[in-house]
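Basis for what follows: all heavy atoms, side chains included, without hydrogens, waters or symmetry-related copies.
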Amino acid sequence: MILKEAMDEISRGIAEIIDREKIENLIKTYLQEGKEYSVKIGFDPTAADLHLGHTVLLQKIASFQKYGAKVQLLIGDFTAMIGDPTGKSETRKSLTREVVLENSKSYQEQVFKILDPEKTEVVFNSTWLDALGASGLVGLTTLFPVARMLERDDFEKRYKAGQSISISEFLYPLLQGYDSVELKSDIELGGTDQKFNLLMGRQLQRSYGTGKEQAILMMPILEGLDGVQKMSKSLGNFIGITEPAKDIYAKVLSISDELMWRYYELLSQKSLVDIAEFKENVANGTLHPKSAKENLALEITARFYDASIAQGAKEEFDNVFKSNLIPSDIKEFDIEDGVWICKALVDVGIEPSTSQARRDIKQGAVRIDQDKISDEKMNLSVGEYILQVGKRKFAKVRVK
RNA sequence: GGUGAGUUACUCAAGCGGCCAACGAGGGCAGACUGUAAAUCUGCUGACUAUGUCUUCGAAGGUUCGAAUCCUUCACUCACCA
């Protein structure tokens, strides 16, 4: 009974599972005998900020922690220096060791907003990969043929398209797989884009005769705010978990209706039954899609803050966009008398250049104290003004 | 190592001596319509107090009144050959 509950929770939203039976047995054994098992999850500390895309995986791991998982949080400090080629259409530049280590620190701080630190062990793969040495590395490479390596989707594409693939990129999956050998993981979690690498771990565990073959559970890749490409920092379509509450709220509300259901499925903790009901109600017109989205935004915001802060973010949002009020916490600047408006807009950081400012004024996108302006040559005289560009960029200036 | 092709703005991609701050597409920004949704329509999309000036077409030189366009060298990428 409890096992079924556990498996239902574990299965929610997943993309693919390899060796489901094994996972079920591990959980069953835990429930019966209290025996723990290890779950590996790898993070590449290439970006120091976690976003909602990462939390899809983290939440799944948190579920495992309820059912006897001892989590091996692997910081790929060694492999990050190579750079994972996954999903990249071009060679990725590698990071220096210092940057990697610095990133991994802030990673850990953020990860424990979701994971239970008591049941998590943080490990660095440089621990064993540094020690592997050239001979160990060569040994590892003999276990896998190039032709199989080229089967990997992105390698295949790049190879056919005549783009360069460096040898070090071949090493990446091997080393990541080798981590599983060292950690003797029972299960490894990752995104679907990691399938090849995850399977490599399973394969290598077998090749090295560890007596284990990790089960694999893959989560779908969360689309970013654009709803098309995967959420990532470099594409700028992300919601960071350390962002201010009002930004998280506003960003969730800006996603498309279609994407909202995806976020519900992967990020909300509401039951699937509830979500199906929302969906139906929206379809038959009894629930406005905006309301459904507001609920989602509140829930997600509250996860990283709390319910009252989330509510505050909502009110702030409604004030600004429904009632056209000015946000309460806009930045203030002191500016000298007689400053050219375009210059002022650049100085307070809501326009990138005076050229852009001119264009926006021409298009009626710039407002002073709520009134559209059209004279791009005007100067600001003494007083206090609210400058606004578009719908969401504000600044308060005091001209002296 | 040899031969050939290529390197253009955020991305893709035209241009191959002046009409080029550089066609087009995507993206982005802004406006209209809305629910800061989608779809759609429109404008903008190097910088500069600006009917002009300046810096951009891999890098550095050169030819020319004039170069993204021609020449030389260098760097990088790709293909075929070895």
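Figure legend. U64(B) is base-paired to no nucleotide; pairs are counted as Watson-Crick or G-U wobble with both atom distances under 3.5 Å. As the counterpart of A25(B), U11(B) is assigned, both hydrogen-bonding distances of the Watson-Crick or G-U wobble pattern falling under 3.5 Å. Across all strands shown, U77(B) forms a Watson-Crick or G-U wobble pair, both distances under 3.5 Å, with A5(B). The partner of C41(B) is G31(B), by the rule that a Watson-Crick or G-U pair needs both atom distances under 3.5 Å. When both pairing distances are held under 3.5 Å, C54(B) makes a Watson-Crick or G-U pair with G46(B).
Counting to the nearest Å, the P atom of G35(B) and the NZ atom of Lys314(A) are 14 Å from each other. Atom CG in Asp360(A) sits roughly 11 Å away from atom P in U45(B) (whole-Å rounding). For the pair Trp261(A) CH2 and A38(B) C1', the interatomic distance rounds to 14 Å; values are reported in whole Å. We find that CD of Gln229(A) is positioned 13 Å from C1' of G28(B), with the value rounded to whole Å. Atom CD of Gln363(A) and atom P of G43(B) are 10 Å apart (whole Å). Atom NZ in Lys377(A) sits about 13 Å away from atom C1' in C48(B), given to the nearest Å.
Checked for salt-bridge contact, Arg12(A) and Glu265(A) miss the test: no charged N lies under 4.0 Å from a carboxylate O.
Nearest-nucleotide positions on RNA chain B for Tyr249(A) and Ile341(A) put Tyr249(A) closer to the 5' end. For Glu376(A) and Asp257(A), each mapped to the nucleotide of RNA chain B holding its nearest heavy atom, the one lying further toward the 5' end belongs to Asp257(A).
Here C29(B) is the nucleotide among C48(B), U36(B), C29(B) with the atom lying nearest to any side-chain atom of Lys393(A). Distance from the side chain of Lys372(A) is smallest for A32(B) among the nucleotides G35(B), A47(B), A32(B). Listed nucleotides C29(B), A37(B), U49(B) differ in distance to Trp340(A); the shortest reach to its side chain belongs to U49(B). The side chain of Ala250(A) lies closest to U36(B) when the candidates are U36(B), A37(B), G31(B). For Phe317(A), counting side-chain heavy atoms from C-beta on, the closest listed nucleotide (A30(B), U36(B), C48(B)) is U36(B). Nearest nucleotide to the side chain of Ser355(A), out of C48(B), G31(B), C29(B): C48(B).
Aromatic pair Phe124(A)/Phe78(A): centroids not less than 6.0 angstrom apart.
Contact annotation: side chain of Arg358(A) to base of A50(B), donor-acceptor pair present below 3.5 Å.
Comparing A13(B) with U3(B), their P atoms are spaced 27 Å from each other, to the whole Å.
Side-chain contact of Gln205(A) with Thr210(A): a donor-acceptor pair under 3.5 Å is absent, judged by distance alone.
Side-chain atoms of Tyr67(A) never come within 3.5 Å of backbone atoms of Leu26(A) as a donor-acceptor pair (strictly under, hydrogens ignored).
Contact check for Leu74(A) versus Gln176(A): no side-chain heavy atoms found under the 4.5 Å cut-off.
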